[in-house]
Amino acid sequence: MRSETVRKDVPPRVEPNLGDYEKVCAGFAWSQARARLQGLPDGRGLNIAHEAVDRHAASDHAAAVALRCVGRDDSVTCVTYGELARSTARFANVLQALGIGHGDRVATLLGRCPELYTVVLGTLKNTSVLCPLFSAFGPEPVAMRLTLSDTQVLVTTAELYRTKVAGQRERLAALRHVLIVGEGADELPGTVSLGALMDEAADTFTIPPTSPHDMALLHFTSGTTGTPKGAVHVHEAAVAHYTTALYALDLHADDVSWCTADPGWDIGMSYGIVAPLMHGVTVVVDEGDFDARRWYRILADQRVSVWYTAPTALRMLMRTTPRSRPYDLPRSFDLSALRFIASVGEPLDPEAVLWGRDVLGLPVHDNWWQTETGAIMIANFAAGEIRPGSMGRPLPGVEAAVLRCGEDGRAKRAEGRVTVVEEPGVEGELALRIGWPSMFRGYLHDEPRTAAAFAYDWYLTGDLVRRDTDGWYWFVGRADDVFKSAGQLVGPFEVESALMEHPAVAEAGVIGRPDPVAGSIVKAFVTLRPGFEATTQTRQELLAFARRRLGPAVAPREIAFNQHLPHTRSGRVMRRLLRARELGLPEGDISTLERAGSAQDTSEASA
Ligand code: AMP
């Protein structure tokens, strides 16, 4: 734990929403936070889309710009809150006409195009459930998630449908409608043009009564074993979205906000769509991919004031500025509108916090949350100091704790109870006391894994942390085998399963190998079946096979052959040991090891 702090010598340009941390925490109640939201007219409940769109459209804010979409060609399309209310109403009517209603699942497999925002919010208006899928996933993760979610409607493009869904369509028994954004539906059997349906739909829609406990969003996340887990979120999450954007992102009414995360993930959905729109600010949407110049240009041209990004992206930006002349590139752009930078998703190196301060003129505020928490839980705030390397302190209304761990590295349970570590500096599992509004309500169709995530009245995060004497939290690592690669959570089981579908693979073990830019890269250790040889050609074939099935986001970047993978006595590959051996770390507790694997048996190479 570094004790160095970053004080803000230059006072913030606007008064931070959270000025006195202790005072706000002491006086905070979620019931009061709920009162900041409008609710559906006539006491008909709480609906995220009403708070994000319709309430603004019905006010003098209707003409304000909700979305500023920057195309790949740098063209800019603006959508006002009034226009968004009408297009989302149309989409809700499209769903109605298709017979899709309350609780039915609608999935998106789209890049960051304007239609995505219409579909997301129109689905919520219709009280259907939105299941966002990451467009860089390959056919296998897409089909798996569509199946697990019982998705009935998929909205995608012709290209994504052709390459990722068409070949799997027969497996997808629940999928009734595929709506194509843009051209191409005519040539694709079993699909319809979204545009044609939208043209016929009315642009007014009355949101049906919505209980705060109605399911709204289904986000998939990965576990150590088994299929991906569908984390169920409800409309009440809006209370936490609004509050955390107020306190942790310091959003003010006249902000221009840019969250660089893809809306296929929880971060991009909550802070790239829902929360900023609830605040009535202008949201920047970039259809393009990362490119340092492009990003600086967007920050400058779109006059971004609040920027929420990720450590991998910051590291990539840092790489483009030579140590000897770090200021040249960023300072060739007018970044004067920028007033707050935050980061999430992976450990943020202290160097990145300081780089922000020195090169961009603003330090980076790290914060922490995960798919299951639905909203930011721990943060460095706009007011007061930053502790570089620390995730910060719990948000008002959030009670965090460090739980004592057992030999398996997870919180130790005795008769359902866990032990809170009171003394500072002790490593343990991060837990959150249940009861915040955006807490996931369970994993869809998966009672055992839902139950395992809770103990007594705590939600167990699977992250290992320490808390310092002043109550700041410091990330140590994951308690299980999942890891982040370029900001995306990778479940090794999913990668191993895909590899094992190749006839050459008898078994596979997947780990995250540390990487200076991506945090980790996906590395697979593969045992070959008899008759297959550990050649460069086999390796290339397996890399390509995995990439085709899984997509570039989760496919292994490196494959090593190992005919003696270490196993537990129950027969599971010991990924922890593979990782320790790969990194030359102590092997730790190997009492459950069935037979020793031989590191010498590993033939290395990467692609
Ligand atoms: P996801 O559910 O995909 O959003 O991933 C959540 C996980 O990302 C957490 O459980 C952490 O392991 C990691 N994570 C998120 N934010 C941070 C952070 N600020 N520092 C370190 N790890 C983080």
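Between the side chains of D255 and S257, no donor-acceptor pair of N or O atoms lies under 3.5 Å.
Between F440 and A453, the closest heavy-atom pair is CZ-CB, 4.2 Å.
We find that R145 and E494 are joined by a salt bridge, their nearest charged nitrogen and carboxylate oxygen being less than 4.0 Å apart. Using a 4.0 Å cut-off between charged nitrogen and carboxylate oxygen, R162 and E159 count as a salt-bridge pair. Ionic pairing of R293 and D291 is not present here: no N-O contact between side-chain nitrogen and carboxylate oxygen is shorter than 4.0 angstrom. In this structure, R112 pairs ionically with D262, as a charged nitrogen and a carboxylate oxygen lie closer than 4.0 Å. Using a 4.0 Å cut-off between a side-chain N of Lys or Arg and a carboxylate O of Asp or Glu, R410 and E429 qualify as a salt bridge. Between D250 and R339, at least one side-chain N (NZ, or NE/NH1/NH2) sits under 4.0 Å from a carboxylate O, which counts as a salt bridge.
To the nearest 0.5 angstrom, Y161 atom OH is 10.5 Å from Q168 atom CD. Taking CD from E541 and NE2 from H502, the interatomic distance works out to 4.0 Å, rounded to the nearest 0.5 Å. Between the SG atom of C131 and the CG atom of L109 there is a distance of 10.5 Å, given to the nearest 0.5 Å. Rounding to the nearest 0.5 Å places CD of E351 at 11.5 Å from CG of D358. F137 CZ to K164 NZ: the interatomic distance, rounded to the nearest 0.5 Å, is 9.5 Å. Remark: T373 OG1 to D266 CG distance equals 7.5 Å, nearest 0.5 Å.
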| message | Before you tell me yes or no, could you show the steps for F525 and V573 under side chain to side chain contact (heavy atoms under 4.5 Å, CB included), namely the whole-Å CA-CA distance, both residues' side-chain angles and the distance that decides it to 0.1 Å? | response | CA-CA 10 Å; F525 295 85; V573 173; over 6 Å; no
| task | Walk me through it: do W369 and L432 pass the test side chain to side chain contact (heavy atoms under 4.5 Å, CB included)? | result | CA-CA 11 Å; W369 62 292; L432 303 165; over 6 Å; no
| side chain to side chain contact (heavy atoms under 4.5 Å, CB included) between V256 and R68, worked out | CA-CA 9 Å; V256 175; R68 218 182 278 158; 4.2 Å; yes
| request: Determine, stepwise, if the pair Y296 / S332 fulfils side-chain hydrogen bond (donor to acceptor under 3.5 Å, both in side chains). | output: CA-CA 9 Å; Y296 285 126; S332 62; over 6 Å; no
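Atom CZ of R303 is surrounded by more than 12 heavy atoms from other residues, nucleotides or ligands within 6.0 Å.
No donor-acceptor pair closer than 3.5 Å links the side chain of H365 to the backbone N or O of L249.
Counting only heavy atoms from C-beta outward, the side chains of V402 and V465 approach each other to under 4.5 Å. With contacts defined as side-chain heavy-atom distances shorter than 4.5 Å, the pair L148/L444 does not qualify. For the pair F475 and D366, the minimum side-chain heavy-atom distance is 4.5 Å or more. With contacts defined as side-chain heavy-atom distances shorter than 4.5 Å, the pair F493/S222 does not qualify.
Taking the six-membered ring where tryptophan is involved, the planes of W258 and W307 are essentially parallel, since the angle between them stays under 30° and well short of 60°.
In this structure, F134 has its ring center no closer than 6.0 Å to that of F220.
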